[in-house]
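Structure first, commentary second.
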Protein chains: 2
Amino acid sequence: MMSTKKKTKDLILDAAEQLFAVRGFYGVSIRQITSKAEVDPALASYHFGKKQDIFEAVMLRRAEILNRERIQMLDDCIRRAKPNPAPLHEIIDAFTHALLNRSNKGGQGWKSYFAIIAQINNHPELGGVIMSQYFDPLAKKFIAAIHENIPNAKAEDLFWCYHFLSGALTLTFSGTERISKLSDGLCASSDLDAVHERLVPFITAGFKAFENN
Amino acid sequence: MMSTKKKTKDLILDAAEQLFAVRGFYGVSIRQITSKAEVDPALASYHFGKKQDIFEAVMLRRAEILNRERIQMLDDCIRRAKPNPAPLHEIIDAFTHALLNRSNKGGQGWKSYFAIIAQINNHPELGGVIMSQYFDPLAKKFIAAIHENIPNAKAEDLFWCYHFLSGALTLTFSGTERISKLSDGLCASSDLDAVHERLVPFITAGFKAFENN
DNA sequence: CAAAAAATTAAACAAGTGTTGAAATATATT
DNA sequence: AATATATTTCAACACTTGTTTAATTTTTTG
C-alpha cells in the first residue's frame, strides 16, 4: 500500500545530511549527494523536487523526534514538581539532554544533523523558516517554565538568557576540531558527557543571576 | 611608492564581505562579488589569487584591529587591579566589549564581518585555520586571566566555560531576524547594548559556578 | 617625454550546476 | 497473466562556476 520501496529516499537523505554538515547547503551539489548515495542524479528531483526541498527533508526527519522527546522531558519534570515550579536545573537539563545525548551516542547521522543545525542557527536566510517553525514554539514553552521558577526576572532578561543558552549549545555541536586544538589535549574531543556536566550548571547559574532584578 | 591605487582591492573586499555574510563562502561567486564591486571579474584573481584567498583577506583585514583592542583592554584591567587578580566581570567585559561595540556601532562592514565570524566558528573546514591562528592565542590569554581570578576551578572546567561564552557571543552576531521573531517585539532587534548588559553578568555567573570545584 | 610597471579589459577555457524529458525497467494491482 | 503505477536510467538542456591568457590602458619611474 504505502511505498514499500523507501530505500532510495533515505539513501539520498543520509548522503545529503552528511555532506551538508561538512560543506553547507551551497557547498554541496546534487551530483555529489547522489554519487555518495550511489544513485542516479535525477532521482533527487524525482523524490524531493528542488535542492532546497532535499535540505528541508533532511531537517524535518529528525526534528520531530527531537522535539517530542524534549517536550516530554519538560512536561515530566513539571508534573513531578507540582504544585511547585520545576527546579531550574531540571528544566535546563530537559532542554539540553535529548540534544547532547543523541549528539554523543546517536551515531554519525545525528552528529551530522546537529552540525547542520549549528550552521542554520547562524545563517538566517536558510534556517529562518525551519528553525522558527520547529524550534521556536519549544523555546517559548521553556522560557515560560523558567519564568515560573524565577518569577522576579524580567521577560526580556530571560529571553536573552535563553539566547545565550542556544548559542552555547549550538557551538558545542558544530564540530570538535577547533575545540580540541584549543584545549591542547585537555579534553577528549568526543567527550560530550563532559559538556553536559558543565553546561547545565553554567547555564543555570547564568539564569539565576537575574533572580532579583 | 607603495600602492597608491588601493581602491580596487578594497572595493572587492567590501563586496565580498557583504555577500559572504549573507550566503556563505560557497554561496557566493566571484562574478557576484566583482559585479557588486563594479569591477572586472579577472581583477579578483589578479589582486588576490584564488577565491579562498579573498575570503581570508576579508577575515584578516579586521581581525588584527579587533585583537589589538581586546588584548589592550585585558592588559589594562589586569594592570589596574594589581597586585590582585582582575575582577571577573572586567575580564569578561574586556573579552566582549570590542566585539559587541563594533557590531553595534561599527557600521555595516563590521556587522557583515561578525556574521562571517559566526559562520566560520560553526564551520570547521573553513574557519579552522584562521580562527585558530588569530583567536585561539587570545582565548588562552583570557582563560589564564580568569584562572587567576578563580584559582580553585579546574582548567578543564574553565575551558568549557570559555567555550560556552564563545557560543553565546557567536550566536548574538549571527543575525537578528530569528531573534526578533522569537522575542515577539520584546526587544529591538538592533539593540545590542541590551545584549552586553546581560551577557556579562550571565557569563560571569556561569564561570563563578565553578569557583569551588 | 620615453620606458617600465601596474592595473584593467574582454574573451575564452574546461568543468560543473540544477533540472527536465522520454524511454526502459521494476513493482504492485486487478 | 495482463495492466497500471512507481521507480530508475541516460542523455541533454541552458547556464554558471573559478581561473587564465593576451591585448590594452593607466600609472609610475628614470
Side-chain angles (χ1 to χ4, degrees), chain A residues 1-61 116 119-120 123 125-127 129-130, chain B residues 1-61 116 119-120 123 125-127 129-130:
Chain A
M1 14 200 73
M2 341 181 43
S3 60
T4 59
K5 184 81 163 187
K6 65 167 182 178
K7 217 168 9 183
T8 303
K9 283 179 90 164
D10 273 333
L11 283 177
I12 294 176
L13 289 184
D14 289 342
E17 186 173 59
Q18 203 168 333
L19 290 172
F20 284 145
V22 179
R23 331 224 340 162
F25 178 76
Y26 299 106
V28 177
S29 74
I30 287 181
R31 281 175 174 85
Q32 289 172 331
I33 294 172
T34 53
S35 160
K36 187 180 195 77
E38 293 178 298
V39 144
D40 192 275
L43 289 177
S45 305
Y46 174 73
H47 284 289
F48 296 100
K50 311 281 178 196
K51 185 185 177 186
Q52 174 111 19
D53 298 326
I54 303 178
F55 189 79
E56 295 189 4
V58 168
M59 291 287 89
L60 297 191
R61 194 166 53 146
I116 299 176
Q119 287 176 33
I120 276 191
H123 198 299
E125 198 181 55
L126 276 177
V129 185
I130 297 174
Chain B
M1 11 201 72
M2 336 184 46
S3 61
T4 57
K5 184 81 162 188
K6 65 169 183 176
K7 215 169 9 183
T8 303
K9 283 179 89 165
D10 273 332
L11 283 177
I12 294 176
L13 288 184
D14 289 343
E17 186 173 61
Q18 203 168 334
L19 289 172
F20 283 146
V22 180
R23 330 223 343 161
F25 178 77
Y26 300 106
V28 176
S29 74
I30 288 183
R31 282 175 173 84
Q32 288 172 332
I33 294 173
T34 53
S35 160
K36 187 181 194 77
E38 293 178 301
V39 144
D40 191 275
L43 289 177
S45 306
Y46 175 74
H47 284 289
F48 296 99
K50 310 281 178 199
K51 184 185 177 187
Q52 174 110 21
D53 298 327
I54 303 178
F55 189 78
E56 295 189 5
V58 169
M59 292 285 89
L60 298 190
R61 195 166 52 144
I116 299 176
Q119 287 177 31
I120 276 192
H123 198 300
E125 197 182 57
L126 277 177
V129 186
I130 298 174

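In what follows, chains are A, B, ... by sequence order, proteins preceding strands, each numbered from 1.
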Q.
For DNA chain C, which residues of residues 27-41 of chain B approach it to below 4.0 angstrom with any heavy atom?
A.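 Correct list: B/Arg31, B/Asp40.
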
Restricting to side-chain contact (heavy atoms from CB on, under 4.5 Å), what partner residues turn up for [X], sequence neighbours left out?
X       : answer
A/Ala44 : A/Ile30, A/Thr34, A/Ile54
B/Ser29 : B/Arg31, B/Gln32
A/Asp53 : A/Lys50

Q. When you look for runs of 3 or more Watson-Crick or G-U pairs in a row, both distances below 3.5 Å, which of them include DNA chain C?
A.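 Only these stems qualify: C:4-30 with D:1-27.
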
**Q.** Atom pair NZ (A/Lys36) and CD (A/Glu38), whose distance is rounded to the nearest 0.5 Å
**A.**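 One finds 10.0 Å between NZ of A/Lys36 and CD of A/Glu38.
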
(Q) Less than 4.0 angstrom between a side-chain N/O of B/Lys9 and OP1 or OP2 of C/dA6, yes or no? (A)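 No, B/Lys9 has no side-chain N/O under 4.0 Å of OP1/OP2 on C/dA6.
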
Q.
It should be established whether A/Thr8 places a side-chain nitrogen or oxygen under 4.0 Å from OP1 or OP2 of nucleotide D/dT7.
A. no

Q: Identify which nucleotide among D/dT8, C/dT8, D/dT19 has an atom closest to any side-chain atom of A/His47, counting heavy atoms from C-beta outward.
A: D/dT8

**Q.** Nearest-nucleotide pick for A/Ala42, side chain only, options being C/dT19, C/dG21, D/dT7
**A.** C/dG21

Q) Counting only N and O atoms by type, is there a donor-acceptor contact under 3.5 Å from the side chain of A/Gln119 to the main-chain atoms of A/Ala21? A)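 Side chain of A/Gln119 to backbone of A/Ala21, a donor-acceptor pair under 3.5 Å: yes, one is there.
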
(Q) Is the shortest side-chain heavy-atom distance between A/Tyr46 and A/Asp40 below 4.5 Å? (A) no

Q.
Measuring only between side-chain heavy atoms, which start at C-beta, is A/Phe48 closer than 4.5 Å to A/Glu56?
A.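 Result no, sub-4.5 Å side-chain heavy-atom pair not found.
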
Q.
Please find the pair of heavy atoms, one from B/Phe20 and one from B/Lys51, that lie closest to each other, and give the distance.
A. CE2-CE, 4.4 Å

Q: Look at all strands and tell whether A/Ala44 reaches a base, only sugar-phosphate, or nothing, counting heavy atoms closer than 4.0 Å.
A: nothing

Give the rounded distance in Å between these two atoms: [atom1] of [X] and [atom2] of [N].
X       : N      : atom1 : atom2 : answer
A/Tyr26 : C/dG18 : OH    : P     : 12 Å
B/Lys7  : C/dA7  : NZ    : C1'   : 13 Å
A/Lys51 : C/dG16 : NZ    : C1'   : 12 Å

